[in-house]
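Proteins come first, then strands; the chains are lettered A, B, ... in the order of their sequence lines, and each starts at number 1.
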There are 2 protein chains.
Amino acid sequence: MTQPRVKIRTVAEAAGVSVTTVSLVLNNVPSARVSAETRERIHQAARRLGYVPNEVARQLRSQRTKALGLLGDEVTTTPFAGRMVLGAQEAASKHGWLLMLLNSGLDPELERKEIAALIRGRVDGLLYTTMYHRVVRVPDQLRTMPTVLLDAEDETTDVPSVVPDEQDGAYLATKELLNHGHRRIGFINHSGDIPATWGRLNGYRRGLAEAGVPFAPELVVPVPPVAREGYGATLRLLGAERRPTALFCFNDRVAMGAYQAAAALGLRIPADVSIIGFDDQQEISEGLLPGLTTVALPHYEMGAWAVDALIARILDPQTPVERVLLPCPVVRRGSVGPPAF
Amino acid sequence: MTQPRVKIRTVAEAAGVSVTTVSLVLNNVPSARVSAETRERIHQAARRLGYVPNEVARQLRSQRTKALGLLGDEVTTTPFAGRMVLGAQEAASKHGWLLMLLNSGLDPELERKEIAALIRGRVDGLLYTTMYHRVVRVPDQLRTMPTVLLDAEDETTDVPSVVPDEQDGAYLATKELLNHGHRRIGFINHSGDIPATWGRLNGYRRGLAEAGVPFAPELVVPVPPVAREGYGATLRLLGAERRPTALFCFNDRVAMGAYQAAAALGLRIPADVSIIGFDDQQEISEGLLPGLTTVALPHYEMGAWAVDALIARILDPQTPVERVLLPCPVVRRGSVGPPAF
DNA sequence: TGCGTTTGGTAAAACGGTTTGTCAACGGAG
DNA sequence: CTCCGTTGACAAACCGTTTTACCAAACGCA
């Protein structure tokens with residue numbers, strides 16, 4: 001811990017060559033002409049001395065940090081953001097890059113400061129992310145460095161972004177129920193105005209339309225997407241005359257409420273009513289009995305895509321701007337069966 | 001984006017002084033003697049030009065990065081690790097430091113590589129963390145730089161660590177039930193051998209003992225800590241003769257199973273049976289109806305403590321090694337009431 | 001022998017700051 | 001008038017790499 005750190009000069013002296021040559025060899029620069037013996041001597045010396053290049057010096061000289069910043073509102077806190085971070089992390093590692101995390105809470109002032117701190121030359125690019133799929137306005141400061149939006153979309157069109165294909169996911173969920181024979185499908189939607197709300201509604205309607213099932217407005221009830229509200233909505237939906245035989249829930253929390261409402265009504269899942277969720281929040285979907293069939297948000301894949309896209313743009317700023325939708329696959333557990341009647 | 005970056009020399013020229021003076025003034029070095037007018041001129045120039053020091057250059061010269069690494073198994077992925085990361089993050093920000101995240105999955109090979117990558121001079125210290133309270137062996141490579149264990153303990157005693165006070169948490173949970181009048185309290189424990197298992201068992205026993213309630217071995221049933229097993233264990237416990245009036249569950253997932261078992265048995269919570277959990281995993285504890293009374297793991301606080309301790313040790317290596325237990329407070333929702341009989 | 005061309009390597013200039021050591025000018029004190 | 005301490009500022013060294021430009025020796029060939 002206290003012995004003097006071995007630097008490139010140490011290696012050079014040990015191998016009896018210049019610093020230049022050591023650098024050339026260790027980075028195996030293709031244009032360098034160095035004899036095989038010399039190369040060998042250098043590698044030996046480096047290994048023997050346990051030489052590790054000083055990354056900071058390298059960064060200063062090459063003006064590149066090989067690090068990415070992940071900046072979000074409270075993204076690291078939220079339950080499934082973990083998978084997004086993991087996807088980003090592993091993609092970065094794969095390229096030999098590092099990931100720095102920062103969250104700004106919901107304080108825009110802090111956000112600005114943290115962006116500034118990051119910008120202070122520590123990262124080559126930024127992932128700007130939100131804790132759920134949202135439309136944002138990219139802060140001007142971000143425009144000075146390569147940026148990719150993760151689980152967020154910009155109003156303008158000049159910054160790359162990746163978000164879940166909400167509509168397709170909802171379409172698949174609806175089809176899953178239709179395929180089992182359901183024709184009267186309740187939809188407990190989000191009451192807020194976010195992309196997921198109308199995206200999923202569109203997917204639901206598209207599914208119904210494709211199967212020739214008329215859309216019945218009384219079957220969709222919008223509520224805040226939490227368990228308690230899901231409980232209430234389910235009670236209403238299943239208490240009605242000609243009750244639906246299946247429920248498509250905006251998310252797994254709502255589905256959790258639906259399960260409890262079904263239990264309260266004495267209805268078994270899926271024998272008496274089928275339920276499908278959205279998000280695949282595993283603490284919930286795996287904890288419910290029977291397991292909840294749901295639609296997974298591709299968080300891992302989005303994280304990975306964003307990093308790949310960001311690195312590509314850092315290496316070549318001419319890389320075209322893409323805005324992709326990633327598919328949301330259905331995850332089958334045990335909550336969907338044929339209709340009771 | 002393309003205009004030449006303003007560096008310290010630019011400011012110096014604009015203010016008509018030397019680079020030295022600019023540095024001295026902008027960092028307001030106490031020993032520097034610079035006239036008030038000159039100072040003012042420099043600040044003006046810096047502001048006008050929008051000067052931001054190059055952090056990398058600064059790091060190279062001062063041999064300090066003001067960044068911390070958070071290295072974990074799959075810590076960022078797990079549901080409540082988020083709060084731990086957040087605590088660490090905010091503590092770091094408070095000191096003006098940055099946090100880098102890395103997770104090694106469960107691949108020790110990768111872990112080693114990533115430590116090496118981190119060590120390459122990008123961070124001044126490391127937080128070594130696990131996704132649940134565990135006893136670990138600190139890799140030798142870590143011993144070369146300041147390290148603090150987060151939610152983990154080392155076998156040896158020379159590295160600082162912070163973990164939840166499992167025993168006290170379980171004691172509080174038990175007391176919560178006892179205070180409501182319960183005397184026959186089932187305990188669905190973890191079947192694995194980790195600190196939480198025996199810590200919580202000890203706390204449970206201590207609570208009982210203190211209240212003069214004899215320990216009944218048939219009331220504690222160890223299972224893998226997931227909902228399905230909690231369901232089964234609850235069925236057994238509540239199906240028995242002289243059934244317990246309250247259940248203390250190893251964690252919220254188990255409690256989630258217990259809720260569903262209670263519903264299946266036609267028992268209401270808390271009228272017929274009281275339930276208390278552990279962990280305060282909010283997707284669960286807030287999603288269950290009624291809300292789950294549980295014991296919170298102090299993840300946020302642990303993260304913050306670890307960062308504070310780490311920075312202290314970086315600034316002064318003589319700082320004594322502490323190994324702290326942080327309290328686990330009871331979070332009251334609606335699942336505990338007086339006994340049914 | 002003379003002259004280009006490889007081969008194998010090096011010296012020195014960046015990169016952008018911080019820190020140390022030096023110095024001129026000035027104002028009292030003796 | 002000299003000496004000395006203080007004030008205000010700066011030149012240059014340094015942090016540890018990468019990269020550019022250059023060079024000596026050896027080689028090939030007429």
Has the side chain of A/R33 got a donor or acceptor that lies under 3.5 Å from a partner of the other kind on the base of C/dG8?
yes
Rounded to the nearest Å, what distance is computed from the [atom1] atom of residue [X] to the [atom2] atom of nucleotide [N]?
X     : N      : atom1 : atom2 : result
B/R58 : C/dT19 : CZ    : C1'   : 14 Å
B/R9  : C/dT18 : CZ    : C1'   : 14 Å
B/Q63 : C/dG17 : CD    : P     : 17 Å
A/N54 : D/dT18 : CG    : P     : 10 Å
B/E37 : D/dA9  : CD    : C1'   : 13 Å
B/Q59 : C/dG17 : CD    : C1'   : 11 Å
B/I42 : D/dC10 : CD1   : C1'   : 12 Å
A/E40 : C/dG8  : CD    : C1'   : 17 Å

Heavy atoms from other residues, nucleotides or ligands near CZ of B/R9 exceed 12 (cutoff 6.0 Å)
no
Nearest to side-chain heavy atoms of [X], which nucleotide of [options]:
X     : options                : value
B/L24 : C/dT18, C/dG16, D/dC10 : D/dC10
A/S23 : D/dT18, C/dG17, C/dG9  : D/dT18
B/T20 : D/dA9, C/dG17, D/dA11  : D/dA11
B/R61 : D/dT18, C/dC15, D/dA13 : D/dA13

Does NZ or CZ of B/R134 come closer than 6.0 Å to the centre of the six-membered ring of B/Y132, within 45° of the ring's axis?
yes
On the nucleotide D/dG16, are OP1 or OP2 found under 4.0 Å from the side-chain N or O atoms that A/Y51 carries?
no
For A/T21 and C/dT10, is the shortest distance between a side-chain N/O and OP1 or OP2 below 4.0 Å?
yes
Does A/R83 come within less than 4.0 Å of A/D151, counting only side-chain N to carboxylate O?
no
Looking only at non-hydrogen atoms, find the nearest pair between B/L49 and B/A14 and report the distance.
CD1-CB, 3.9 Å
By nearest nucleotide on DNA chain C, pick out whichever of A/R39 and B/N27 is the more 5' one.
A/R39
Report which part of the nucleic acid A/S62 touches: base, sugar-phosphate, or nothing (heavy-atom distance under 4.0 Å, all strands).
nothing
Categorize B/V17 for me: base, sugar-phosphate, or nothing, with a 4.0 angstrom heavy-atom threshold over every strand shown.
sugar-phosphate
Output for pair (B/T130 OG1, B/L71 CG), nearest 0.5 Å, gives 11.0 Å
